[in-house]
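The structure under discussion appears below in the form of structure tokens.
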Amino acid sequence: MADLLTAPPVLPGKYAYFFDLDGTLAGIQPHPDDVVVPDTVLEHLQQLSRLNEGALALISGRSMAELDVLASPYHFPLAGVHGAERRDIHDQLHVVSLPDALIQTLQRQLASALEALPGTELESKGMAFALHYRQAPHHEAAIFAIARNVAEAHPQLALQPGKCVVEIKPEGINKGAAIAAFMAETPFKGRTPVFFGDDLTDEAGFAVVNKAGGMSVKVGPGETIANWRLESVASVWQWITDVANQQQQQIAQHNGRNHYGSLSRRL
């Protein structure tokens with residue numbers, strides 16, 4: 001079990017920050033369109049990014065287009081659809097795609113299957129499909145059966161369970177691989193990774209961060225391999241605020257000492 005992180009540790013080194021969105025930066029809502037990240041949280045994320053040379057990325061099951069809307073007006077490096085699409089610090093896109101014919105076939109097949117399950121919802125992400133059942137939890141077994149049948153029929157696909165959702169995505173795509181890709185690039189390279197997440201989809205990210213000697217933080221209850229835990233989304237907001245302000249103060253103090261030293265030498 002992860003220890004309860006009651007206060008942010010001092011982070012004196014060079015860190016790279018990665019944040020999941022739903023359930024981490026924003027509370028889970030009945031419908032994904034209802035989710036909002038508060039302006040103050042976005043401001044502190046931007047501050048933390050600026051203080052760390054841009055080494056901050058959002059890692060989510062959402063598409064990058066959705067992440068950009070939720071993070072507006074700020075522009076962060078992103079990994080969407082669990083890393084199937086990624087935008088680096090230079091705005092270069094890295095996208096894993098499926099054949100158009102397969103996407104069209106799966107769209108028809110899944111839409112037809114979910115029509116028989118009222119309250120469920122199919123979300124097409126281009127290279128992946130999310131089968132939601134938050135409004136109809138009694139259909140969980142049926143949803144998983146449909147998803148397993150699709151994955152078994154197409155070896156290039158894999159399943160990713162989440163909170164009241166199961167996703168069908170390209171094999172080998174996960175948040176851990178996305179974090180590893182960022183960590184091989186500037187400005188993340190050479191830093192220690194820090195990753196916050198709340199769901200089963202985040203465990204692959206925790207594994208990569210743990211292997212790199214970083215800080216993995218599970219948000220909320222549940223079994224995890226993360227080495228720290230925060231109890232709620234509000235706790236994440238406070239952590240971001242505290243660390244951003246702490247780093248700002250450290251820089252101000254350092255600059256103040258340098259200025260005083262220069263003045264003394266001139267005198």
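By convention here, the first residue in the shown sequence is residue 1.
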Minimum heavy-atom separation for [X] and [Y], please, with both atom names.
{"X": "E171", "Y": "A158", "answer": "OE1-CB, 3.2 Å"}
{"X": "S60", "Y": "D22", "answer": "OG-OD1, 4.4 Å"}
{"X": "K218", "Y": "P221", "answer": "CE-O, 3.2 Å"}
{"X": "T24", "Y": "V233", "answer": "O-CG1, 3.5 Å"}
{"X": "L25", "Y": "V37", "answer": "O-CG1, 4.0 Å"}
{"X": "A71", "Y": "L42", "answer": "CA-CD2, 3.8 Å"}

Which salt bridge (charged side-chain N to carboxylate O under 4.0 Å, His left out) pairs, counting each pair once, include a residue from [range], with sequence neighbours left out?
{"range": "residues 78-99", "answer": "D68-R87, R86-E185, R87-D91"}
{"range": "residues 30-44", "answer": "none"}
{"range": "residues 198-217", "answer": "K163-D198, K175-D202"}

First locate atom [atom1] of [X], then atom [atom2] of [Y], and finally report the distance between them rounded to the nearest 0.5 Å.
{"X": "Q46", "Y": "H75", "atom1": "CD", "atom2": "NE2", "answer": "10.5 Å"}
{"X": "W239", "Y": "H44", "atom1": "CH2", "atom2": "NE2", "answer": "13.0 Å"}
{"X": "L56", "Y": "I240", "atom1": "CG", "atom2": "CD1", "answer": "8.0 Å"}
{"X": "L102", "Y": "M127", "atom1": "CG", "atom2": "CE", "answer": "13.0 Å"}

Could you state whether [X] and [Y] fall into the same hydrophobic cluster, counting links through intermediate Ile, Leu, Val, Met, Phe, Trp or Tyr residues with side-chain heavy atoms under 4.5 angstrom apart?
{"X": "V35", "Y": "L67", "value": "yes"}
{"X": "V41", "Y": "L70", "value": "yes"}
{"X": "V166", "Y": "I28", "value": "no"}
{"X": "Y74", "Y": "L45", "value": "yes"}
{"X": "L58", "Y": "V243", "value": "yes"}

Using modelled atom types and a 3.5 Å cut-off, is there a donor and acceptor pairing between side-chain atoms of [X] and backbone atoms of [Y]?
{"X": "T241", "Y": "W237", "answer": "yes"}
{"X": "K125", "Y": "G61", "answer": "yes"}
{"X": "R229", "Y": "G220", "answer": "yes"}
{"X": "N227", "Y": "S216", "answer": "yes"}

Indicate yes or no: at least one non-hydrogen side-chain atom of [X] is less than 4.5 angstrom from one of [Y].
{"X": "L131", "Y": "T120", "value": "no"}
{"X": "R50", "Y": "Q248", "value": "yes"}
{"X": "L21", "Y": "E66", "value": "no"}
{"X": "H132", "Y": "E123", "value": "yes"}
{"X": "L157", "Y": "L98", "value": "yes"}

Which pairs pass side-chain hydrogen bond (donor to acceptor under 3.5 Å, both in side chains) with one or both residues in residues 140-157, sequence neighbours excluded?
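Found Y133-E140.
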Residue pairs, two or more places apart or on separate chains, that pass side-chain hydrogen bond (donor to acceptor under 3.5 Å, both in side chains) and touch residues 97-110
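Listed by first then second residue: Q107-S124.
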Output all residues satisfying ring pair (Phe, Tyr, Trp, His ring centres under 6.0 Å) with F129, sequence neighbours left out; order by chain, then residue number.
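Ring pair (Phe, Tyr, Trp, His ring centres under 6.0 Å) check on F129 returns nothing, list empty.
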Residues sharing [X]'s hydrophobic cluster, by side-chain heavy-atom contacts under 4.5 Å among ILVMFWY, directly or via others?
{"X": "F188", "answer": "F18, I59, I179, F182, M183, F195, F206, V208, V209, I225"}
{"X": "I89", "answer": "none"}
{"X": "I173", "answer": "V96"}

Using atom types as modelled, flag every donor-acceptor pair under 3.5 Å from a side chain in residues 77-84 to any protein atom, sequence neighbours excluded.
residue: H82; atom: NE2; partner: E167; partner atom: OE1; Å: 3.2
residue: H82; atom: NE2; partner: E167; partner atom: OE2; Å: 2.8

Is the ring pair Y17/F19 parallel, tilted or perpendicular, if the boundaries are 30 and 60 degrees?
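It falls in the parallel class, under 30°.
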E53: what forms a salt bridge (charged side-chain N to carboxylate O under 4.0 Å, His left out) with it, not counting sequence neighbours?
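For E53, the residues satisfying salt bridge (charged side-chain N to carboxylate O under 4.0 Å, His left out) (neighbours in sequence not counted) are R191.
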Donor-acceptor pairs under 3.5 Å, side chain of residues 111-118 to any protein atom, not counting sequence neighbours: which ones?
none

